[in-house]
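To find a chain, count down the sequence lines: A is the first, B the second, and so on, and within it residues start at 1. Atom set for the values below is all heavy atoms of this structure, side chains included, hydrogens, waters and symmetry mates excluded.
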There are 4 protein chains.
Amino acid sequence: MTGAVAADQLRSIIERIERLEEEKAALAEDIKQVYAEAKANGYDVKTLRRVVRLRKMDSHDRSEQEALLELYLEALGMAADKAMPVI
Amino acid sequence: MTGAVAADQLRSIIERIERLEEEKAALAEDIKQVYAEAKANGYDVKTLRRVVRLRKMDSHDRSEQEALLELYLEALGMAADKAMPVI
Amino acid sequence: MTGAVAADQLRSIIERIERLEEEKAALAEDIKQVYAEAKANGYDVKTLRRVVRLRKMDSHDRSEQEALLELYLEALGMAADKAMPVI
Amino acid sequence: MTGAVAADQLRSIIERIERLEEEKAALAEDIKQVYAEAKANGYDVKTLRRVVRLRKMDSHDRSEQEALLELYLEALGMAADKAMPVI
DNA sequence: CTGCCATTTTACCGGC
DNA sequence: GCCGGTAAAATGGCAG
């Protein structure tokens, strides 16, 4: 691997990554747009995000997290309030 | 307000702010330490953070958030899973 | 938006977001592949990541110094007058 | 840590965190006061914030360029040899 | 498995 | 009082 060859290869790697990251950033921008549009239609963005997250998470994980939270709250003498969602 | 006087005043303002922000950053660091120590003692940091947040939030807010989430989930035909805490 | 949520509209929003996030995840996967390939060619992945990060920062804060001077002038309520030693 | 949580220890952790967060919030309040006072003296708050931010960034990425060059050399798997045009 | 880094989410603050 | 954008916090992911 001579210096010149390595430099070309390095440049290629960096540029491929930067290209892909640009595309990724563009998609992130699109997603923001969808949320903004939803907000304009009266939806609550924070809750929408929670919905998306919940759909991604399986119910097993949810139950585990919730059980642990209840354990801590009980130890603190705080009633496990019904209005305490995992996400 | 001559230039020189204003410059002195500006410098003073900036420096006061930077000083306060340093102190604030130090406290943030302390908090991180406490969490790290708790983790070393076997606590789940993520859940601890949720507990702190819940204690800060009044139950009115919690209920509102939870009601909205359930509304969305029902609209999507997703059962309101018990294991879905607000935070 | 109280009462009934327009289920179809909500579902459409959620699905658009999920679709975009899938595409984004695919790109993230591609990026990982490039790094993995680079690693196979003997590059140090951590260093490559730092290079990418620095290049991004670098393109952001080009000519930061001059910007800062102008900001001082603005903060002093002065037009940017070149012949004036401010700070 | 399954089963019973040491309630006293847990409570101690939570309270330490809450105490530190109170102090942090107090500092945030102080900072706001300084900005408010500056504003009363005719300064533009937004610009002041930008000054503070730029000064922070600036102190971070001093000599970023040189760091980047060294990183390229590392990425190429070369010792930092001054007499070598890399990229 | 642990720590770090990046991303993502939340909260804040000033302006309108 | 909302909205936009900016900073802080939190979560997740990846490498070692």
### Message
Under the criterion salt bridge (charged side-chain N to carboxylate O under 4.0 Å, His left out), I'd like the reasoning laid out for C:Arg19 against C:Glu23: C-alpha separation, chi angles, the key distance, then a yes or no.
### Response
CA-CA 7 Å; C:Arg19 176 74 205 292; C:Glu23 294 178 37; 3.5 Å; yes
### Query
Roughly, in whole Å, what's the span from CG in D:Leu48 to P in E:dC13?
15 Å
### Message
Is it the case that atom CZ in A:Arg55 sees more than 12 heavy atoms from other parts of the structure closer than 6.0 Å?
### Response
yes
### Query
Can you tell me how far CD of B:Gln33 sits from CG of D:Leu20, rounded to the nearest 0.5 angstrom?
10.5 Å
### Message
Taking any heavy-atom pair under 4.0 Å as a contact, classify A:Lys56: base, sugar-phosphate, or nothing.
### Response
nothing
## Note on the structure
Rounded to whole Å, the CG-P distance (C:Leu20 to E:dT7) equals 18 Å
Check: protein-nucleotides 13-16 of chain F nitrogen or oxygen pairs below 3.5 Å:
| residue | atom | partner | partner atom | Å |
| --- | --- | --- | --- | --- |
| F:dG16 | OP2 | C:Lys39 | NZ | 3.4 |

### Query
Counting just side-chain N and O atoms, does B:Arg53 come under 4.0 Å of either OP1 or OP2 of F:dT11?
yes
### Message
Output the rounded distance in Å from CE (A:Met57) to C1' (E:dT9).
### Response
13 Å
### Heavy-atom side-chain contact between A:Val52 and A:Tyr35 under 4.5 Å
yes
### Task
Take atom CG of D:Leu54 and atom P of F:dT6, then tell me their distance rounded to the nearest Å.
12 Å
#### Entry: Interatomic distance, B:Glu21 CD vs F:dT6 C1' [rounded to whole Å]
13 Å
### Message
As a quick check of understanding, evaluate salt bridge (charged side-chain N to carboxylate O under 4.0 Å, His left out) for A:Glu21 and C:Arg53, giving each step before the final call.
### Response
CA-CA 11 Å; A:Glu21 292 203 335; C:Arg53 174 157 37 102; over 6 Å; no
### Message
From CD of D:Gln33 over to P of E:dC13, roughly how many Å is that when rounded to an integer?
### Response
11 Å
### Task
Quickly work out the B:Ile31 CD1 to F:dA10 P distance and round it to whole Å.
8 Å
### Message
Using whole Å, what does the distance between atom P of nucleotide F:dG4 and atom CD of A:Glu37 come to?
### Response
14 Å
### Query
Could you give the distance from OG1 (B:Thr47) to CD (A:Glu66), rounded to the nearest 0.5 Å?
9.0 Å
